[in-house]
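The structure appears below as structure tokens.
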Amino acid sequence: MSFRLQIEDLSGGILHARAVNTGEITMGRGDDCDLVLASTSVSRRHARIFTHNGRAYIEDLGAANGVVVNGSRISGVEALSGPTVIVIGDHIVRFLPNDPASAGPRPTLVRLDAAAGGAATPILSAMARVGRASHCDIAIVDGSVSRHHADVRVEGSSLIVADAGSANGTWVNGVRARAPMRLSDGDVIHFGDVPLLFTNSPHTDWTRVRVPAKATSGRRSVAPALAVAVGVVCLLAAAVFALGVRDKPAPEPDALTLAAAAMAARDWPTAVTLYERALAVRPGDAGVERALALATRERDATAALAECQAQLEASRSLIATSASQTAIAGLEAIERCLSGDGISEGTEAATAATELREGDVVPTLVQLHRVAAAEAQRASRPEAAAEHLLAAARVAARGGDRGAPLRVELRAACLASARSPDLQSNPARALELFDAAAAVAPLDAADAQARTAVAQAASQPRGR
């Protein structure tokens with residue numbers, strides 16, 4: 001048989017992937033292994049996956065930290081009967097068979113919203129990406145859906161939905177999926193504001209499905225978060241194939257295994273607590289220290305992002321009703337918050353912050369400056385109008401937008417202000433505005449002549 005192995009770090013980041021057609025593949029820290037996992041929590045020859053008579057098996061090669069398959073530590077050889085989550089030290093190895101028959105009935109997501117009600121998308125792979133981006137396996141074109149919003153994946157005999165740090169969240173039957181959640185036939189999933197039905201039946205009448213409201217909830221305690229995280233990893237164990245190995249009771253997962261589950265669930269506070277516990281048992285373990293540092297960075301960055309999001313939500317009413325300097329200053333503070341050092345670069349929160357800043361805050365701030373510029377023009381204050389449009393151009397550039405309409409407005413405002421009577425006594429400022437207009441597009445003959453006159457005036461010493 002053929003299969004794929006996808007290796008992830010404890011935060012769910014994909015390190016590399018490999019297709020395997022036959023034979024065996026050894027995994028461990030040693031350079032002689034087929035798949036090298038560089039970590040002190042991984043033994044030199046940790047485990048191997050091999051095929052026999054068309055089936056795949058995994059064997060613990062006497063690793064100090066063992067091999068955990070779908071939440072249970074194995075002893076000896078274990079059969080791999082379908083998509084499987086394997087924890088090896090501080091690495092997650094996903095076993096993904098290429099045999100379509102092993103996936104069982106074809107699950108499908110059906111849109112329930114008015115925009116595209118009834119549109120059905122089958123889940124064709126063991127790992128499907130959901131999001132607004134066109135390259136996603138399940139593309140949902142809606143403003144409430146993030147570019148990479150969530151993942152739907154097969155784990156053991158279950159289908160799991162996991163939010164990918166989206167701005168507007170993922171909900172299952174009205175409950176926010178703060179950790180990966182197992183799906184059942186008939187569940188309704190909200191990706192942002194878009195509801196979809198999860199079904200194994202191609203004949204479901206979507207018009208009769210009741211869409212539950214998205215519930216609000218308070219802060220989570222560590223205990224229920226940990227229970228959900230452990231439930232994600234502790235799925236149905238694969239049956240041991242008859243190779244002379246008898247079933248043996250598996251020991252309870254240790255702190256390191258539970259921490260890996262919490263990391264996979266993006267439950268950073270719980271992961272920090274568990275890694276601190278594991279480090280107390282294994283002081284000086286470099287692999288655990290790195291994982292603790294990563295979980296701490298993700299936890300702190302997520303908390304900082306939540307503060308920025310709270311500021312943004314609190315400012316919505318002011319932003320919607322006013323283009324005043326107060327609203328602009330408030331939104332500029334939120335932009336600085338989203339770009340601040342508290343949201344560490346490389347974290348999932350940093351990705352979400354960039355998406356929120358470029359997709360929401362920057363366009364709104366640009367529009368506020370443009371509205372303020374129009375009001376200044378109506379009030380015959382050309383210099384104030386030019387200042388607002390210059391600020392809008394700087395904000396748009398930070399967001400990667402250098403749109404032509406804004407450049408045209410900016411050039412016209414700068415020229416109008418430079419020629420205004422208000423600046424006759426300040427030729428240096430008028431010269432700056434002429435140059436700002438010229439940076440957008442070359443000046444015509446009349447404007448160039450006016451600039452020359454202003455430049456000469458600016459070079460003259462001021463009288464006493």
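Every value quoted in this text rests on a predicted model; they were computed, and no experiment measured them. Values below: every heavy atom of this structure, side chains too, minus hydrogens, waters and symmetry copies.
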Nearest 0.5 Å, please: how far is CD in Glu348 from NE2 in His148? 9.0 Å

Do Leu196 and Leu112 come close enough that some side-chain heavy atom pair is under 4.5 Å? no

Indicate yes or no for a side-chain donor-acceptor contact from Thr108 to the backbone of Asn200 under 3.5 Å, with no hydrogens or angles considered. no

For Pro269, the option from Asp267, Thr273, Val272 that meets side chain to side chain contact (heavy atoms under 4.5 Å, CB included): Asp267

Heavy-atom side-chain proximity of His91 to Met27 below 4.5 angstrom: no

Can you tell me how far CG of Asp142 sits from CZ of Phe191, rounded to the nearest 0.5 angstrom? 12.5 Å

Measuring from atom CG of Asp187 to atom CH2 of Trp171, what distance do you get when rounded to the nearest 0.5 angstrom? 15.5 Å

Using a cut-off of 6.0 Å, state whether more than 12 heavy atoms not belonging to Asp341 lie near its atom CG. no

Quick one: does Arg29's side chain have a donor or acceptor within less than 3.5 Å of a partner on Val42's backbone? yes

Within the 3.5 Å criterion, strictly below it, is a donor on Ser146 or Glu355 matched to an acceptor on the partner's side chain? yes

Give a yes or no answer on whether the side chain of Ser339 reaches the backbone of Arg336 with a donor-acceptor pair at less than 3.5 Å. no

Report the distance from atom CG of Asp60 to atom NE2 of His46, rounding to the nearest 0.5 Å. 6.0 Å

List the steps, then state whether side-chain contact (heavy atoms from CB on, under 4.5 Å) holds for Val130 with Asp151. CA-CA 6 Å; Val130 181; Asp151 292 310; over 6 Å; no

List the atom of Ala64, the atom of Ser43, and the distance in Å for their closest heavy-atom pair. N-OG, 3.1 Å

Full working for side-chain contact (heavy atoms from CB on, under 4.5 Å) between Glu276 and Leu292: CA-CA 7 Å; Glu276 288 174 342; Leu292 174 59; 3.8 Å; yes

Yes or no on side chain to side chain donor-acceptor pair (under 3.5 Å) for Ser41 and Asn65, after CA distance, side-chain angles and deciding distance? CA-CA 7 Å; Ser41 65; Asn65 295 321; 5.1 Å; no

Check step by step if side-chain contact (heavy atoms from CB on, under 4.5 Å) holds for Glu289 and Leu279. CA-CA 7 Å; Glu289 289 177 344; Leu279 197 59; 3.7 Å; yes

All heavy atoms of Asp163 vs all of Ser166, minimum pair found to be OD1-OG, 2.7 Å

Which atom pair, heavy atoms only, marks the closest approach of Ala349 to Leu305? O-CD2, 3.8 Å

Relative to the ring of Tyr57, is the ring of Phe50 parallel (under 30°), tilted (30 to 60°) or perpendicular (over 60°)? parallel

Closest non-hydrogen atom pair between Phe95 and Ala56, with its separation: CZ-CB, 3.6 Å

Taking all non-hydrogen atoms of both residues, which atom of Arg210 and which atom of Val188 are closest, and how far apart? O-CG2, 4.0 Å

Within the structure provided, determine whether Leu35 and Ile7 are in side-chain contact (heavy-atom separation under 4.5 Å). yes

Contact between Leu5 and Arg94 at the side-chain level, heavy atoms closer than 4.5 Å - yes or no? no

Working for side-chain contact (heavy atoms from CB on, under 4.5 Å), residues Thr170 and Arg176: CA-CA 6 Å; Thr170 301; Arg176 186 157 190 172; over 6 Å; no

Report the residues that fulfil disulfide (SG to SG under 2.5 Å) with Cys337, sequence neighbours left out, ordered by chain and then residue number. Cys308

Closer than 3.5 angstrom, by distance alone: can the side chain of Thr199 be matched with the main-chain N or O of Asp185 as a donor-acceptor pair? no

Say you draw a straight line from CG of Leu294 to OG of Ser344; how long is it, rounded to the nearest 0.5 Å? 10.5 Å

Can you tell me if His149 uses its side chain to pair, donor with acceptor, with the backbone of Gly169 under 3.5 Å? yes

Restricting to non-hydrogen atoms, name the atom on Lys214 and the atom on Gly192 that form the minimum distance, rounded to 0.1 Å. NZ-O, 3.0 Å

Does any non-hydrogen side-chain atom of Leu80 lie less than 4.5 Å from one of Ile49? yes

Just wondering, are more than 12 heavy atoms of other shown residues or ligands nearer than 6.0 Å to CG in Asp32? yes

Flag side-chain contact, heavy atom, 4.5 Å: Val68 against Ile86: no

Side-chain touch Ile160/Met181, heavy atoms, less than 4.5 angstrom: no

Under 3.5 Å, is there a donor on one side chain and an acceptor on the other for Asn168 and Ser144? no

Pairs satisfying salt bridge (Lys or Arg N to Asp or Glu O under 4.0 Å), at least one member in residues 113-122, at least two apart: Arg111-Asp113

Within the structure provided, determine whether Asp90 and Val288 are in side-chain contact (heavy-atom separation under 4.5 Å). no

Supply the atom-to-atom distance Glu345 CD to Thr351 OG1, rounded to the nearest 0.5 angstrom. 9.5 Å

